[in-house]
There are 2 protein chains.
Amino acid sequence: MTTDVHWPAQLFDDIDRTGPVPLYFQVSSRLEQAIRSGAIPPGARLENEIAIGERLGLSRPTIRRAIQELVDRGLLVRRRGIGTQVVQGQVTRQVELTSLFEDLQSTQHAPGTTVLEHEVIPAPANVASHLGIAEGDEVLHIRRLRTADGTPVAILQNFFPAKTTDLSRDELEERGLYQILRSRGVAIRIANQRIGARRAHDDEGSLLEIDRDGPVLLMERTAFDNAGQAIEFGLHIYRPDRYSFETTLVAK
Amino acid sequence: MTTDVHWPAQLFDDIDRTGPVPLYFQVSSRLEQAIRSGAIPPGARLENEIAIGERLGLSRPTIRRAIQELVDRGLLVRRRGIGTQVVQGQVTRQVELTSLFEDLQSTQHAPGTTVLEHEVIPAPANVASHLGIAEGDEVLHIRRLRTADGTPVAILQNFFPAKTTDLSRDELEERGLYQILRSRGVAIRIANQRIGARRAHDDEGSLLEIDRDGPVLLMERTAFDNAGQAIEFGLHIYRPDRYSFETTLVAK
DNA sequence: GAGTGGTCTAGACCACCGG
DNA sequence: CGGTGGTCTAGACCACTCC
């Protein structure tokens, strides 16, 4: 059985038509908040798109776009001839193009960073191919130990092309990598990543405080900016009892 | 330096306005094919949206939607005031809501399946909570060994609620799980999944032909249909030297 | 048949970028 | 300044689902 819901009337009072924030974004944000807070409960059916548009004084395409945002993120489900409903399942967290540092912050764990290595070296072959540069070109290599509430969680190894070799040890100890890049105006648009598993090597076991050859979770990621230029190649090792990757997938 | 490209003129000859296939989909499919084949090379700049629309006899919103599809999948990058370009990086494979069976098929490996267990049991607590049913409710439990070109790749354990307990051993040996469900009209819309790592347990090492307590890649997935009803809970173990998860992430 | 979302059109104005 | 994508409108017709 589906349930129609009367929304809190003031939910959409403060739509601002003059500011720079798109109308569809204002609508989808408020709708998301209402769903996550439970004001619109799981299973509830929304009004049809045209009716919503009339109530808010917005056109149907604008409403559709707002709804589509939430459909893409798995909060709403649309069915032709039926209507739009809030998803029944549990609340879905999103792990998108965020960094581990931000993941930990948002889950109320205090992140800490120790820089283990910080050096400019000639690019090894595999790094060069990921970054789209020539083998032997100068790259900045850093290796950090990331902790959460004092316990080691991951060993983060990253390589940067010549353009970005000026990252200081100090800022790397204090903030997440993607936060630093963002504040420099470097925007990451696309990333290819691979997640796998293997045994711990060398000093990895002792750094993560696990068995010397215990299992670790492995992620490789190459990040590109707007123009398709490689920004960074990362090779990260996670302690599997302290971290895993969660995602919500939505079929098209 | 960006390069303007003259597209193969016949690329969009066979647009069908009468059939059931949406115009934006016809455009984005052909565009994707042209990009993946290299006919439109990395870094090439597309014409502006209005010009494309005029050449194809389609409106700007339709063209925009076609382009947006490819932007969302990481094949194109749009910049305001600049234009739309093919991404510079390497070709991006997509691992979305497909099954392992289809992944293997599409990468030219011959998938094989052995059904190890196939039984109706009362739902254990953790399975019940994932499926949103009561502990002890009947569920179908299956356990399969998946091979590629004869080598073991994964142990696939799945649980289904009462509605779907009629999957036969035979069909499970021949086809992928999601293929079977789809042909029954069961569409998976949303899935929550978690990827982690641990040691192999019990018979897992011998089944996968690896060290008895070697590292394995672990995936848990709960899948929901249109109406938000749980369809399936899966707990999969992968041999890490034979499989890893590859994804392309696109920032919004 | 009535109601829903899915698609498509033909405009419009704006913000941002480059020369 | 001209060109680009980003947003928004007000319609239209269709396919699908339910009664």
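These numbers were taken from a predicted model, which means no experiment stands behind them. Lettering of chains follows the sequences in order, A, B, ..., and the numbering in each one begins at 1.
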What contact category does B:Arg64 fall into here, base, sugar-phosphate, or nothing, at under 4.0 angstrom with non-hydrogen atoms? base
Euclidean distance, atom CD of residue B:Gln85 to atom C1' of D:dT4 [Å, nearest integer]: 12 Å
Quick check on C:dG5: is either OP1 or OP2 less than 4.0 Å from any side-chain nitrogen or oxygen of A:Thr84? yes
Select one nucleotide: of C:dG6, D:dT9, C:dT9, the one nearest the side-chain heavy atoms of A:Arg78. C:dG6
Where the side chain of B:Pro61 is concerned, which of D:dG5, C:dT9, C:dG5 is the nearest nucleotide? C:dT9
What residues form a side chain to side chain donor-acceptor pair (under 3.5 Å) with B:Asp170, not counting sequence neighbours? none
Measure from CZ on A:Arg79 to C1' on D:dA15 and round the result to the nearest Å. 16 Å
Starting from C1' on D:dG6, measure out to OH on A:Tyr24 and report it in whole angstrom. 8 Å
Verify the contact: side-chain N or O of A:Asn48 to OP1 or OP2 of C:dT4, cut-off strictly under 4.0 Å; return yes or no. yes
Can you identify which nucleotide, out of D:dC8, C:dT7, D:dG5, has its nearest atom closest to the A:Pro22 side chain? D:dC8
Just to confirm, is there a sub-4.0 Å distance from OP1 or OP2 of C:dT9 to any side-chain nitrogen or oxygen of B:Arg60? no
Closer than 4.0 Å, any side-chain N/O of A:Arg65 to the OP1 or OP2 of D:dT7? yes
Side chain of B:Arg17 (C-beta onward), nearest among D:dG6, D:dC8, C:dC8: C:dC8
Is the phosphate of C:dG11, meaning OP1 or OP2, less than 4.0 Å from a side-chain N or O of B:Ser59? no
Could you report the tightest heavy-atom contact between A:Ile50 and A:Arg60, atom names first, then the distance? CG1-CD, 3.8 Å
Among the nucleotides C:dG6, D:dT17, D:dC8, which one has an atom lying closest to any side-chain atom of A:Ile82? D:dT17
If every non-hydrogen atom of B:Val139 is compared with every non-hydrogen atom of B:Ile133, which pair is closest and at what distance? CG1-CD1, 3.6 Å
